[in-house]
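Contents: one structure, followed by commentary.
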Amino acid sequence: MNQPLLKCEHVDFGYENYDVVKDVSMEIMPGDYLCIVGENGSGKSTLMKGLLGLLKPTGGTITVIDELKKSGIGYLPQQTPAQKDFPATVEEVVISGCLGKRGNRPFYTQAEKRIAAVNMEKLGVSGLAKSCYRDLSGGQKQRTLIARALCATDKLLILDEPITGLDPSTTQDFYHVIRSLNRREHVAVLMVSHDVQNIVTQANKILHLQQTVQFYGPVDEYRNSACGKKFLGGVD
Ligand code: ADP
């Protein structure tokens with residue numbers, strides 16, 4: 001089955017009565033690693049909010065496979081200082097990713113507990129299950145939040161500027177974790193990032209946004225495109 005997980009056809013998003021993002025057409029296939037790049041203010045966060053269903057399109061069509069409609073999309077938000085101090089254990093943070101599936105039940109099922117355990121194992125944080133989230137290092141927090149996001153679905157992971165605030169070695173570890181989830185576990189990845197130099201070594205597809213789509217396609221074509229060359233500056 002080679003159906004897109006998520007597909008946008010001529011989609012517009014905006015606020016009040018003006019559109020910030022116009023005429024976006026793109027799709028995320030199983031196994032894709034798609035990065036959205038662009039200058040500040042180019043509409044990347046707005047597009048991401050739209051893809052997550054937090055903003056309604058003002059035009060065009062978005063199609064999402066049924067499984068993602070039911071479970072919600074695994075989302076790693078930008079971390080706020082309040083979230084970093086969250087007084088809960090790693091296990092509690094991870095399993096809270098199942099909340100979208102839980103409805104009004106006041107408890108977690110055995111199946112949800114298993115999903116949380118599997119995802120902690122995948123991200124190498126099982127040994128930290130009972131540790132307090134706020135005592136973790138930046139990299140461990142990031143791994144915990146990725147395990148949490150995967151509790152919603154292991155089909156698609158959406159990340160918004162995920163390396164903000166990470167030091168260089170934690171950043172490399174983060175890219176390694178994401179690439180391994182993408183390659184080994186076949187989790188499709190959609191990432192908004194300003195770290196374009198690293199991104200072109202990781203992703204398979206690039207969407208360059210400046211209100212409208214300036215480039216959408218394979219990363220190798222992006223490197224050779226006028227838009228990619230300009231944005232990448234000294235790279236290559
Ligand atoms: P990026 O993520 O690429 O920096 P944004 O999507 O945050 O870009 O912003 C694109 C444009 O939309 C900007 O001009 C910004 O001022 C405007 N914008 C963003 N959020 C809102 C909002 N909640 N209400 C009105 N305008 C907004």
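Numbers here simply count residues along the sequence, with the first being 1. Because the structure is predicted, anything quoted here is derived from the model rather than measured. For ligands, and for the atoms within them, numbers begin at 1 and follow the listed sequence.
- In this structure, Ile146 and Leu157 have side chains that are in contact, with non-hydrogen atoms separated by less than 4.5 Å.
- Ion pairing between a basic and an acidic side chain is recognised when a charged N comes within 4.0 Å of a carboxylate O; Lys44 and Asp160 show no such pairing.
- Look at Asp12 and Lys22 and you find no salt bridge, because none of the NZ, NE, NH1 or NH2 atoms lies under 4.0 Å from a carboxylate O.
- With Ser25 contributing its side chain and His10 its backbone, the two residues share a donor-acceptor pair below 3.5 Å.
- A perpendicular orientation is assigned to the rings of Phe231 and His208, their planes being inclined by more than 60° (bins at 30° and 60°).
- Distance check, rounded to the nearest 0.5 Å: NZ of Lys122 to CD of Glu185 gives 4.5 Å.
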Could you go through ligand 1 and note, for every N or O atom, any protein N or O atom closer than 3.5 angstrom, writing the atom names and distance to 0.1 Å, or 'none'?
| unit_1 | atom_1 | unit_2 | atom_2 | d |
| --- | --- | --- | --- | --- |
| ligand 1 | 2 (O) | Ser45 | N | 2.8 |
| ligand 1 | 2 (O) | Ser45 | OG | 2.8 |
| ligand 1 | 3 (O) | Ser42 | N | 3.1 |
| ligand 1 | 3 (O) | Ser42 | OG | 3.3 |
| ligand 1 | 3 (O) | Gly43 | N | 3.1 |
| ligand 1 | 3 (O) | Lys44 | N | 3.0 |
| ligand 1 | 3 (O) | Lys44 | NZ | 2.9 |
| ligand 1 | 4 (O) | Gly41 | N | 2.7 |
| ligand 1 | 6 (O) | Thr46 | N | 3.0 |
| ligand 1 | 6 (O) | Thr46 | OG1 | 2.5 |
| ligand 1 | 8 (O) | Gly43 | N | 3.1 |
| ligand 1 | 20 (N) | Tyr15 | OH | 3.2 |
| ligand 1 | 26 (N) | Tyr18 | OH | 2.8 |

